[in-house]
Amino acid sequence: RNGATEDRVTFSIGAYGDVTDAFAVSASARILFRDFEDTGLSQEVDLALGFAYRPVGGDVIVLNKLTLGHTDDESDLDDSTRSSKIVNNTTLNWRFTPRLEVSANVGGKYTIAEIDGEDYSGASGVVGASARYDLSEMWSIGAQGAALYSENSGQLENSAGLFVGF
């Protein structure tokens with residue numbers, strides 16, 4: 001895409017395949033090149049691998065995605081930024097009974113960055129869970145909660161709530 005202030009070129013490819021009736025894998029890659037009219041270049045690369053375990057008629061589903069990313073940004077004449085990250089997310093969903101379903105997820109991210117010659121790094125993580133109970137075919141109730149932790153700041157953020165749905 002040729003724009004007024006920047007030109008972009010993106011290459012993207014992905015594949016998905018069923019290994020068995022219950023197990024599937026996916027892979028994708030994306031490369032983005034940006035050329036800014038008055039400054040410089042920026043490049044982003046993302047690679048992702050995923051799997052899904054979803055047995056037909058089964059009560060348990062597991063999903064996982066691993067992403068690797070790298071950015072090299074020299075679009076600012078005075079500053080440059082390079083960063084790399086690894087992100088992993090896993091979700092487990094379990095139907096205990098035809099009316100009760102419980103989900104849990106866990107995710108983590110580690111980033112290394114160089115900004116104006118200074119090195120930074122840090123990790124963060126999230127854990128969450130939810131439960132849903134079907135009162136009828138039309139109504140359900142549930143509860144959910146999550147916690148997010150940031151290593152560098154030492155902060156822990158929590159959330160919790162109840163819900164009603166139809």
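Quick note: residue numbers are just sequence positions, from 1. Since we're looking at a predicted model, the values are computed, not measured.
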Begin with the C-alpha distance, continue with both residues' side-chain angles, and end with the deciding distance and a verdict on side chain to side chain contact (heavy atoms under 4.5 Å, CB included) for Glu44 and His70.
CA-CA 6 Å; Glu44 297 176 25; His70 180 77; over 6 Å; no
Could you walk me through whether Arg30 and Thr10 satisfy the side chain to side chain contact (heavy atoms under 4.5 Å, CB included) test, starting with their C-alpha distance in whole Å, then the side-chain angles of each, then the deciding distance to 0.1 Å, before giving a yes or no?
CA-CA 7 Å; Arg30 182 185 64 91; Thr10 303; 4.0 Å; yes
Evaluation steps, side chain to side chain contact (heavy atoms under 4.5 Å, CB included), between Ile141 and Leu135
CA-CA 7 Å; Ile141 59 172; Leu135 297 171; 3.6 Å; yes
Go through Tyr53 and Leu63 one step at a time and tell me if the side chain to side chain contact (heavy atoms under 4.5 Å, CB included) criterion holds.
CA-CA 6 Å; Tyr53 174 73; Leu63 306 171; over 6 Å; no
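Atom OG of Ser150 and atom CG of Leu148 lie 7.0 Å apart (nearest 0.5 Å). Between the OG atom in Ser136 and the CZ atom in Arg99 there is a gap of 7.5 Å [rounded to 0.5 Å]. A distance of 8.0 Å separates OG in Ser103 from CZ in Arg132, rounded to the nearest 0.5 Å. In this structure, OG in Ser28 is found 8.0 Å from CG in Leu49, a value given to the nearest 0.5 Å. Put simply, NZ on Lys109 and CD1 on Ile86 are 12.0 Å apart, with the number rounded to the nearest 0.5 Å. Atom CD1 of residue Ile115 and atom OG of residue Ser83 lie 7.5 Å apart, to the nearest 0.5 angstrom.
In this structure a side-chain-to-backbone donor-acceptor pair under 3.5 Å is present from Glu151 to Ala123. Looking only at distances, no side-chain donor or acceptor of Asn93 sits under 3.5 Å from a matching main-chain atom of Glu101.
The aromatic rings of Phe33 and Phe11 sit perpendicular to each other, their planes meeting at more than 60°, with 30° as the lower class boundary.
You'll find the side chain of Tyr149 stays beyond 4.5 Å of the side chain of Val126, heavy atoms only. Taking the side chain as every heavy atom from C-beta outward, Phe23 and Val25 approach each other to under 4.5 Å.
Residue Gln144 comes nearest to Ser130 through the heavy atom pair CB-CB, 3.8 Å, listed as atom of the first residue, atom of the second, then distance. Residue Gly107 comes nearest to Asn89 through the heavy atom pair CA-OD1, 3.4 Å, listed as atom of the first residue, atom of the second, then distance. The two atoms that bring Ala131 and Phe163 nearest to each other are O-CZ, 3.8 Å, heavy atoms only. Considering every non-hydrogen atom in both Leu47 and Ala29, the closest pair reads CD2-CB, 3.6 Å. When all heavy atoms of Ala48 and Thr67 are compared, the pair lying nearest together is CB-OG1, 4.0 Å. When every heavy atom of Ser42 is checked against every heavy atom of Asp73, the shortest pair comes out as CB-OD1, 3.8 Å.
The number of heavy atoms from other shown groups lying within 6.0 Å of CG (Asp21) does not exceed 12. Leu156 CG: more than 12 foreign heavy atoms inside a 6.0 Å radius.
Residues Asp59 and Arg95 are not paired through a salt bridge, judged by the lack of any N-O separation under 4.0 Å between the basic side chain and the carboxylate.
When the side chains of ILVMFWY residues are joined at heavy-atom separations under 4.5 Å, either directly or via intervening members, Val60 and Tyr133 end up in a single hydrophobic cluster. Taking hydrophobic clusters as Ile, Leu, Val, Met, Phe, Trp and Tyr residues chained together by side-chain heavy-atom distances below 4.5 Å, Leu66 shares a cluster with Ile112. With hydrophobic clusters built from ILVMFWY side chains whose heavy atoms lie under 4.5 angstrom apart, Met138 shares a cluster with Leu100. Taking hydrophobic clusters as Ile, Leu, Val, Met, Phe, Trp and Tyr residues chained together by side-chain heavy-atom distances below 4.5 Å, Phe51 shares a cluster with Trp94.
Residues Asn64 and Asn88 have side chains that bring a donor and an acceptor to within less than 3.5 angstrom of each other.
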